[in-house]
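If you're wondering where the values come from, they're calculated on a predicted model, not measured in any experiment.
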Amino acid sequence: MKTDLCTGNFREIPVPEQQKLNGGILPFLAGIGIAAIAEIISDWDNFKNGLTGKPEEKS
């Protein structure tokens with residue numbers, strides 16, 4: 001069994017093309033923002049407590 005990888009038929013994808021394939025940075029940042037908002041909404045009482053300097057409510 002041959003264990004060496006032959007890379008002769010491959011080419012490096014340029015950065016602009018990679019961003020086009022992956023969607024760039026904007027969808028990534030939007031996903032992080034949506035996840036953060038969902039986490040804040042799911043634990044709203046502790047979020048308010050943190051803003052006012054009160055201790056965390058244990059569930």
Side-chain angles (χ1 to χ4, degrees):
M1 178 169 75
K2 191 174 183 180
T3 58
D4 294 335
L5 178 64
C6 178
T7 58
N9 296 328
F10 293 98
R11 67 174 180 88
E12 186 175 337
I13 300 175
V15 173
E17 191 174 343
Q18 289 178 14
Q19 289 177 341
K20 183 180 174 185
L21 291 171
N22 294 333
I25 191 74
L26 186 59
F28 177 72
L29 294 177
I32 289 176
I34 290 170
I37 291 170
E39 188 63 32
I40 289 170
I41 290 172
S42 70
D43 199 9
W44 183 251
D45 290 331
N46 279 326
F47 178 72
K48 289 191 307 186
N49 288 346
L51 290 177
T52 58
K54 295 177 183 174
E56 177 183 0
E57 294 177 6
K58 305 286 185 192
S59 300

> Counting only heavy atoms not in E39, do more than 12 fall under 6.0 Å of its CD?
Replying inline: no
> Under the 3.5 angstrom rule, does the side chain of Q18 hit a backbone N or O of I13 as a donor-acceptor pair?
Replying inline: yes
> Could you state the interatomic distance from CD1 (I34) to CD1 (I32), rounded to the nearest 0.5 Å?
Replying inline: 11.0 Å
>> Check this for me, if you would: do K48 and E57 make a salt bridge, where the nitrogen-to-carboxylate-oxygen distance has to be below 4.0 angstrom?
In response: no
>> Using the side chain to side chain contact (heavy atoms under 4.5 Å, CB included) definition, which of the options D45, D43, L51, N49 pairs with F47?
In response: L51
